[in-house]
There are 2 protein chains.
Amino acid sequence: MQNPKLEDVAALAGVSKTTVSRVLNNRGYLSEKTKQKVFDSMKALHYQPNDVARQLFSKETKMVGLIFPTTANPFFGQMAAQLEMKLFNAGYKVLIGNSMNDPLKEKEYLQKLLANQVDGLIVGAHNQNIAEYNNTNLPIVAIDRVMNDDIPVIASDNYDGGKKAMTLLLKRGARHIVHTDGPTDLQSPALDRRRAYEDMMAANDLPTIVYTVALDSSDAQKKETFRQILKENKKIDGVFASNDVDASLIIQVAAEFQKQVPEDLLVVGYDGTETVRLFKPELTTIIQPIEEMAAMAVSTLMDRIEGKKTPHKIILPVTVHQGTTA
Amino acid sequence: MQNPKLEDVAALAGVSKTTVSRVLNNRGYLSEKTKQKVFDSMKALHYQPNDVARQLFSKETKMVGLIFPTTANPFFGQMAAQLEMKLFNAGYKVLIGNSMNDPLKEKEYLQKLLANQVDGLIVGAHNQNIAEYNNTNLPIVAIDRVMNDDIPVIASDNYDGGKKAMTLLLKRGARHIVHTDGPTDLQSPALDRRRAYEDMMAANDLPTIVYTVALDSSDAQKKETFRQILKENKKIDGVFASNDVDASLIIQVAAEFQKQVPEDLLVVGYDGTETVRLFKPELTTIIQPIEEMAAMAVSTLMDRIEGKKTPHKIILPVTVHQGTTA
DNA sequence: GTGAAAGCGCTAACAA
DNA sequence: TTGTTAGCGCTTTCAC
C-alpha cells in the first residue's frame, strides 16, 4: 500500500482532515476522546506526516545546506560533524555538498540547495566569483572565507596562529623558513597566516620564501612542489605549512632528502584536528577551535534566519599543540 | 520581494503557467518565440523553480539519507564524501545524519528522513533494534552491517582482512596476540575479523585474548581499556586492532609502558584510510576499498530504487598497507 | 469542539 | 501550439 495520508487517518477515525491536523500539531480545542481516536488510527495505519507537503505550505524546510570542499579531509569532516550536531539540536536537517574545490560543482550545489528551499547555508568551500551567492537573500554564514560585505564570517585567529607558529620556529633557531600557502587571490582570512609569517620574518630581518599550493592538487602533485622547495632552498631549516596535510607531506619528502625532523628541519602545521593529534601527535601544530567555530556558525545562522543583526566577523582564539617537530 | 513563482513568470511573459512549466521541463511542442519570451521573463525575475512543490507532485525528492556514526572519523568521513560524490553524479542530493552511536538519535534521524520523503537510505551506523528499519519499504542499503534479510549489505572481505592481519603478526613471530573488537551483539560483518583471528590462533594452538571496546567510548576511555590490556597480559607481543584509531591509541599506551613498536609489540590496524596512510604511514593496516564500497552501495541503491533485484551481500577485496609496525 | 474550503507552487490530463 | 482545470498532502481561515 502507498503511504497513508492524513485523509486516510481522518476516514478511519471518522473525523475531518482538519481535526487530524489539529491533533498532529496539538492546536485548538479537542476532546480527549477525539484525540484518542485519531492517535489510534495513526498508530493503526503507521501514519507518518509528509514533510514535503508541510514545507510547501509553511515555506520553510528546516534544512540547512552545507557546502564544503570534502568531508574526506579531517578538518572539514570534523567541522561538518560538529555543525551537523548543533544544527540537529536546533531542529535542522543538513543537506551536504562536497565541492571538491570545483567551482562548477559548487555552483550546481548552490542552485540545488536554493531550489530545495533550504532555510540557510553554511559555506566553507573556497571558490571565487560565484555570483549566485550575492543574488540571494538567503541567510548565509561563511567559515574562514570572506564572501561579501553582507555575509558574516567565522574564523579562527589566523594572524595570531601564524605568529604562534613562527614564534615556535624562530625560538628553536630556524632562520630559513619557508611558508606554504593557498592561492592568494582567494579572499580568505587564512591569508592572515601569511601576513603573520611575513611580518615575523621582516621583524627578524629574514627574507620570506612562500610557495603556493593549489587547493585542488593531488597529494602526489603537492609532494612534487615540496621536493622543489627542498631542491631550491638548500639552507631551509624550517617550514610553516598552512595545514597539517601539507606538513605531513613535507615531512615525508624531507625523509627522501635524508633530512631529519626536527634535527635538520623544523615543521609546524596548521589545523590540529583530533585526527592528526591522534595519528601524528609528534606534529607541532596550531589548533583551530573547530567546535567553537561550529557553535558560532550555527548560532549566527540562527540569528540571521530570525532576522537579527549579526556581527560581520567573528574571530576565535587558537592554541598550540606542542609536538616534537618544532 | 518574495521569490517569484511560475505564475509570475507566466504573467510577465503573457502565457499560461502550463507553458512556463513546459519550457522549464522541455516537454511538448513550443514555438521558439514563446520559449524565448519565457526564458527572458525567467531571467528578468531571477526565477528559480521550487523543488518542494515539484517533490510534492512527483512524489520523489531525489534525496538520499545517509546515517553514519560521525564524519569526524576518517573512515566515515571518506566514505561519506565518496557516497556523496557518486550520488551527486546520479542526480541525488544527500541528507546526512551523524548518529554518534546513539540509538535514540539514529531513530530520530530515521524518522526525520522518512518524513522528508527521501528516495533511499544508506546506513553505516551501528545500532541494534531499530524496528523502524523494518517497518518501511524504502530502498535501503547497509554498509558493513547486517540489518535484516531484505536489506543488502556492502562489506569488505573482513575474514580475509583478518587473516591477512594475523598472517603478518604471526610471520613476524608474535605469539601472544590480543584482538580488540566492537560489541559482538551487533550483527556486523566486521565480526568476521574476529572469526579470522580466532581461527588463525586456533590453527597455531594459541589462546585467544579478545577485548571489547564500546563504540561510544571516548578516546580516553579506550586508552584506559588498553592500559588494562597491557597490565593484564605481560607477555603480549602482538595486537590486531579492529580499527586504526584503536591501533594508534594502543601504540600511544604502549609508549607509556616503555614498550617499543615493533620491537616489543607488533601492531596491525584496520581501515587504512588515506588519512591514516598520510599521517601515520608507519602503521601496518588492512585497507578497506572505500571508493569501491561507495560505488557498489550507490549502484545497489539505484537498483533498489528502480525496483530491480539486488544481491543480498556484496563483498569487496581488501589489501595490505605495509608499514613498520608489523 | 469540529468541519468545509481554499491555497502553498508545481505538473499533467484533457480540451481547444 | 497553447490554456483550463484538477490535484499532490498538508494547514489554516472562517463558519457552525
Side-chain angles (χ1 to χ4, degrees), chain A residues 1-39 41-42 45-63 111-119 138, chain B residues 1-42 45-63 111-119:
Chain A
M1 189 192 80
Q2 273 304 82
N3 280 344
K5 44 183 157 181
L6 191 139
E7 201 174 346
D8 301 321
V9 177
L12 181 61
V15 298
S16 75
K17 294 197 301 177
T18 311
T19 301
V20 178
S21 172
R22 287 210 181 95
V23 173
L24 218 48
N25 299 288
N26 198 26
R27 249 192 273 291
Y29 306 95
L30 296 162
S31 71
E32 270 311 314
K33 228 176 61 186
T34 311
K35 270 200 212 172
Q36 204 47 58
K37 266 194 307 187
V38 171
F39 279 131
S41 307
M42 296 200 303
L45 295 174
H46 287 295
Y47 174 70
Q48 175 84 52
N50 181 331
D51 259 4
V52 172
R54 290 174 148 184
Q55 287 164 12
L56 180 59
F57 182 87
S58 69
K59 299 187 162 194
E60 60 171 25
T61 52
K62 287 288 178 184
M63 287 196 220
Q111 264 157 2
K112 280 199 185 195
L113 294 175
L114 290 177
N116 238 288
Q117 312 296 114
V118 292
D119 295 341
L138 191 71
Chain B
M1 190 190 81
Q2 272 304 84
N3 280 345
K5 42 183 157 179
L6 192 137
E7 202 175 344
D8 302 321
V9 177
L12 182 62
V15 298
S16 75
K17 294 196 304 178
T18 311
T19 302
V20 178
S21 172
R22 287 208 180 96
V23 174
L24 218 47
N25 299 288
N26 198 26
R27 250 192 275 289
Y29 307 96
L30 296 163
S31 73
E32 271 310 314
K33 227 175 62 185
T34 311
K35 269 200 216 173
Q36 204 47 57
K37 266 193 307 186
V38 171
F39 279 131
D40 290 347
S41 308
M42 296 201 302
L45 296 174
H46 288 295
Y47 174 70
Q48 176 84 53
N50 182 331
D51 259 3
V52 173
R54 291 173 149 182
Q55 287 164 13
L56 180 59
F57 181 87
S58 69
K59 297 186 163 196
E60 60 172 24
T61 53
K62 288 289 179 183
M63 287 196 221
Q111 264 157 1
K112 280 198 185 196
L113 295 175
L114 291 176
N116 237 288
Q117 313 296 113
V118 293
D119 295 342

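Numbers restart at 1 for each chain; the letters A, B, ... are given by sequence-line order, proteins then strands.
- Side-chain N/O atoms of A:N25 include one lying less than 4.0 angstrom from OP1 or OP2 on D:dT11.
- Across every non-hydrogen atom of A:P49 and A:R54, the tightest pair is CB-CZ, 3.8 Å.
- For the pair B:N3 CG and C:dC8 C1', the interatomic distance rounds to 13 Å; values are reported in whole Å.
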**Message:** Pair B:K37, B:V15 - check side chain to side chain contact (heavy atoms under 4.5 Å, CB included), show working.
**Reply:** CA-CA 9 Å; B:K37 266 193 307 186; B:V15 298; 4.2 Å; yes
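- Taking only side-chain atoms of A:K5, from C-beta outward, the nucleotide of D:dC8, C:dA12, C:dG1 with the closest atom is D:dC8.
- If you take CG of A:D51 and P of D:dC8, they are 19 Å apart, rounded to a whole angstrom.
- Here the side chain of B:D8 pairs no donor or acceptor atom with the backbone of B:P4 at under 3.5 angstrom.
- The heavy-atom pair separating A:V52 from B:N116 by the smallest distance is CG2-O, 3.9 Å.
- Checking D:dT2, C:dG1, D:dT12 against the side-chain heavy atoms of B:L30 singles out D:dT2 as nearest.
- Between A:E7 and B:T19, the residue anchored nearer the 5' end of DNA chain D, judged by the nucleotide with its closest heavy atom, is B:T19.
- When the side-chain nitrogen and oxygen atoms of A:R27 are compared with OP1 and OP2 of D:dT12, one or more of them lie within a distance under 4.0 Å.
- Remark: the B:T18 side chain and the C:dA12 base include a donor-acceptor N/O pair separated by less than 3.5 Å.
- Side chain of B:Y29, nearest nucleotide from C:dT2, C:dG3, D:dT1: D:dT1.
- Closest approach to the A:L6 side chain among D:dT2, D:dC10, D:dT12 is made by D:dC10 (side chain taken as heavy atoms from C-beta onward).
- Listed for the A:T34 side chain is no donor-acceptor partner under 3.5 Å among the backbone atoms of A:L30.
- One finds no side-chain N or O of B:S16 lying less than 4.0 angstrom from the OP1 or OP2 phosphate oxygen of D:dT4.
- Distances shorter than 4.0 Å separate some side-chain N or O of B:S31 from OP1 or OP2 on D:dT2.
- Straight-line distance from the CG atom of A:L24 to the C1' atom of D:dC10: 9 Å, rounded to whole Å.
- DNA chain D is contacted by both B:K17 and B:R22; B:R22 maps to the nucleotide lying nearer its 5′ end (nearest heavy atom per residue).
- A sub-4.0 Å separation between OP1 or OP2 of C:dC10 and a side-chain N or O of B:Y47 is present.
- In this structure, A:S21 reaches the bases: a heavy-atom distance under 4.0 Å links it to at least one base atom across the strands shown.
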**Request:** Please step through side chain to side chain contact (heavy atoms under 4.5 Å, CB included) for the pair B:Q55 and B:M63, ending with a clear verdict.
**Result:** CA-CA 10 Å; B:Q55 287 164 13; B:M63 287 196 221; 3.9 Å; yes
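- Near DNA chain C, meaning a heavy atom under 4.0 Å from it, residues 52-60 of chain B has B:A53, B:R54, B:F57 in order of number.
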